[in-house]
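All remarks here apply to the structure that follows.
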Amino acid sequence: MSRHRSVRGLNYDEEYDDYYCDAYGHSVEDSANFCASPGFEQQYMFDRSKSTAMGDYIVGTNPDEEDDDDDDSDGKDKAMSRRRLDSVHVEFPSNLSPTSEARLKECLEVLRDISGESIPEPFLLNAAIEANYDSNIALQILHDKPRNTEGPSIDIVREGSDASLDDLKAKLETICREDKSARPKVLDKLAPSTSRTASSSKSGSSCSTPRMIISPSPSLSKPSPRESHKAKLDPVAEYEKERKSSQKQCLNMVVIGHVDAGKSTLMGHLLFKMGQVNQKTMHKYEQESKKVGKQSFAFAWVLDETGEERTRGITMDVGLSKFETKTKSVTLLDAPGHKDFIPNMITGASQADVALLVVDATRGEFETGFESGGQTREHALLARSLGVLQMGVVVNKLDNEGWSKQRFEEISHKISAFLTKHVGLRDADVVYIPCSGLTGENLISPPTNDALKSWYSGPCLVDVIEKFRPPERPVSKPLRLSVTDVFKGVSSLVNVSGKVECGFVQAGERLLIMPQAEQCILKAVACENASSGMTAFAGDQVVASLAGIEAQNVSLGSVLCEPQCPVPVATRFVARLVVFGIEIPITRGFPVIFHQNSMSEQAMVVKLIASVHRSTGEILKNKPRCLLKNSSALVVLEVARPICIELYKDVKELGRFTLRCSGATIAAGMITEIL
Amino acid sequence: MKQTYRDIDKDGKGQVSLMPEESEDLWHAYNLIAIGDCVTASTIRKVQQESATGSSTSSRVRTTLTIQVEAIDFDTQACALRLKGRNTVENQYVKMGAYHTLDLEQNRKFTLFKVHWDSVAIERVDSACDPTQHADLAAVVMQDGLAFICLVTSAMTLVRNKVEVQIPRKRKGNAQQHEKGLHRFYDTVIQGILRHVNFEVVKCVLIASPGFVKDQFYEYMMQQAMKSDNKVLLDNRGKFLLVHSSSGFKHALKEVLMDPVVTMKLADTKAAGEVKSLEAFYVMLKTEPSRAFYGLKHVQKANEAQAIETLMVSDSLFRAQEVGKRKIYVDLVDSVRDNGGDVKIFSSLHVSGEQLDQLTGVAAILRFPMPDLEEEEISDED
């Protein structure tokens, strides 16, 4: 940028584009717009009333791919000519009726979304007309054409990177393979892309609750010039593209169980066997643990890193790690088993999709862990109420019992009865694996021990993890990123780690932090389990760097969201409770601790509205005097200060919670109404 | 509190002179004084005097005034009690009927005149003047990143300081930030303790937390005290008591006061007693729901049947603005006593009292089950 620039004669539109193209190039002050003049403000600041689409910002932040081509001088001429062709103004045939013109535009929009910029506009137009505005047929035509039409442009298409063409073909093929009946599905998938941009203009009252707004295709309304000349970001398509590129599905797995069941050792050993811990480090751990006389804890030290945890020999906070299997990229959350650290365990379990329940097979140990007072039951219940639907039960330390088949079956039988009856997991979703975390038997390869081999032919632990099905990710919903940790990174930016509960996020976006209601700019997102550093999708564990905000303004339990669709903040709400086996009945005025994701807050049961039937939900009694154990009820809860909540039906992750009191989990619940 | 004079006649009319000695006594005074009572106390009043020539001078004079109370205001944090009302006694500086606001202060005598001293009020005076009921206790309830520093006296639990510090979690190869944050948190708590706990008065400082936070904190605090040669902490080392609690929130104090170690050390404080009886109520509600009731309507019905064994009432109900409402509760208390029942008046400043307040303010454990009472709908509010 030259120093002597005619500021007065600037064309702001051009400047604006430039300005957002290099999101990294400017400082915080540049973008934060403190005390801007009215003109400046009008130019740059977001104003809801003006129905600026979010697409403006998103598109602007995309690094311009075409500019990169300019750099290599060989292909420069070709690139220029291609660009000229690209930007040829597309004229619609003049003899179209208004309705068919609209249909044509709509069809073109769909085609553009799928093809991106790899096919010139006139081709799209021709194909669309040929197909009588049916996007599916047009896709078919486009797919066939590049081979048999030997037109002037074929070399251009071919010259445009082969990889992208192949990619496109693959995509077209998958879409075309779906027969006619699948067509609405294709369109449905594409709909969110438009709803995301359109919702900002339609917002207002509806923006407080996230809701899919099915809007008319933007091609019917007048699209802004910026929007039309570039492909819009489609969350679902982007998501699928990314998943395709990384080939591996990501999975968040929490490891739970009674204290000393061997969770950390099991996972430490697994990580070691998977090659995530190098030989040297492991050797160091072995030596050091031997020195303090805790040799059996060597593997646990992989995950227990603080001095406190190592000297005491228990996990205190959730240990985060990752590894990759053949088809999955797994984020591992090692939860503490000790009773006092259940709040931490809740943090871990609420981020998980699946769980491994570790039980100690040693005679006596299993019983204490499983009987009342042990954490096996509580953990399983918590995991289920926090959304875990598949579970692997690891019968650990079976070597202590001489790999006895009888013992294994006895334990699996007991747990199975509990999981299906009380926890509410389906039998098909639970797998039982005999293991030894210390010796590493049956972890990543079939058993070698003769005693075990003689009767066990099932899968090993990694196979079980492999077979877990990752849940559907709500990518197309508005962004919700719940904060689980705040820390300082190497730069001056504030780093927060957390999970993208729904929606997706891109570096460069302006975000809102609730309930503090502070604005900030997302400088970078780094996923824990995906390589890409620019975007993150629902289900990802991320570390986000934020600019324009102080560390004390973000706290555990804060939620990052889009300024157009802020997350609801409230202190009072109606919830449906499922009461666990409690000692003391719940009455009104009952003080509890409210846990949601990583946040805990003081709360109080203000009113008991009605007790309801556990499974059918019908009202049994209005205004009950108290709630006894294993009942279910509608209550009004009040938390001590405003928190971010969502209705369960909208966003499950933010709509469910657990209540604890004097060291025991007393109920799980879901939010049905915000007061 | 010291009682210097008492003159109450047979039908309850009369006056009592009291001298508050500590902040808790003002809380008692707050509970004693009702709207309509007359209070005599020494106060400062700005007086404007007009001379014969018409020039006016204003001066501040100390004088003793008697007002009829119209509004009562109590600040729990500062323990300051202010009474607004109209002058009822002829005075050199203040006209009859002129408004004045009295500030009741520690170590300044005041006289309270009531048309009717009921049993609850008299009991309050007696208990406030009982010198054996002093058990000053400080408690620090904490968990990682959150701590409450409270003072517990027989009638009050005061949150003196809430400490909230963001502690980064441990993460791969970066345990340093976690430690740093932890130390910052501990330092803040130590500062809070030094500022708010008066070791000359306090007999015992409880440190309660889940897990090992309390041990770590205690260790760190003593280390720091050694380093900085902090006499106050080192000399009072023996007053610290580490107790387990399930969380670092304020209501975990309830569990702490139930802890046998604490009850042994504290003898029987009012706070611990209240927690115990509320617990008994909840246990009864679970085991025999037809013997435990709450809500005025239910409790009154039970009282009519002379069924109440233990009655729990929150003192906030006796501060009711309407005289009639207060009378209802006083009558209830008297009648339960007459029937040989036990009455416990909870301080609404304690954690257990707060909970009882939310539970309509009255609860009762019955001598015998009354199943038909269960069938009746509880009244909508209160």
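Remember, it's a predicted structure, so these values are computed and weren't measured experimentally. In what follows, chains are A, B, ... by sequence order, proteins preceding strands, each numbered from 1. Only this structure's heavy atoms are used, side chains among them; waters, hydrogens and symmetry mates stay out.
B:Q358 places no side-chain N or O within donor-acceptor distance of the main-chain N or O of A:P591, the cut-off being under 3.5 Å. Under the 3.5 Å distance criterion, the side-chain polar atoms of B:Y294 are matched with a main-chain donor or acceptor of A:R625.
Looking at every heavy atom in both residues, B:P210 comes nearest to A:D340 through C-OD2, 3.8 Å. Nearest heavy-atom pair, B:P168 versus A:D485, reported as atom, atom and distance to 0.1 Å: CA-OD1, 3.3 Å. Here the closest non-hydrogen pair linking B:Q166 and A:V554 is NE2-O, 2.9 Å. Residues A:E583 and B:K286 come closest through the heavy atom pair O-CD, 2.5 Å. A:V592 and B:H251 get closest at one heavy-atom pair: O-CE1, 3.4 Å. The two atoms that bring B:S246 and A:G663 nearest to each other are CB-N, 3.0 Å, heavy atoms only.
At a 4.5 Å heavy-atom cutoff, B:E354 makes no contact with chain A through either its backbone or its side chain. Neither the backbone nor the side chain of A:R660 comes within contact range of chain B; no heavy atoms are under 4.5 Å apart. In this structure, chain A has a heavy atom under 4.5 Å from the side chain of B:E255, while its backbone stays farther away. For A:N495, no part lies near chain B; criterion is any non-hydrogen pair under 4.5 Å. Contact of B:I167 with chain A is made through the backbone alone, with heavy-atom distances under 4.5 Å.
B:M258 CE to A:S662 OG: the interatomic distance, rounded to the nearest 0.5 Å, is 9.0 Å. For the atom pair CG of B:L146 and CD of A:Q602, the computed distance is 8.5 Å after rounding to the nearest 0.5 Å. The CD atom of B:Q177 sits 8.5 Å away from atom NZ of A:K488, with the distance rounded to the nearest 0.5 Å. Once rounded to the nearest 0.5 Å, the distance linking CG of A:L627 with CG of B:L285 reads 10.0 Å.
Within 6.0 Å of the CD atom in A:Q552, the count of heavy atoms belonging to other residues, nucleotides or ligands exceeds 12.
For the set A:I584, A:I314, A:V318, the count of heavy-atom pairs under 4.5 angstrom toward chain B peaks at A:I584.
Aromatic ring pairs are classed by plane angle as parallel below 30°, tilted from 30° to 60° and perpendicular above 60°; the pair B:F212 and A:F341 is tilted.
Put simply, the side chain of B:E164 does not reach to within 4.5 Å of the side chain of A:S555, judged on heavy atoms. Using a 4.5 Å heavy-atom cutoff, the side chains of B:F249 and A:S600 are in contact.
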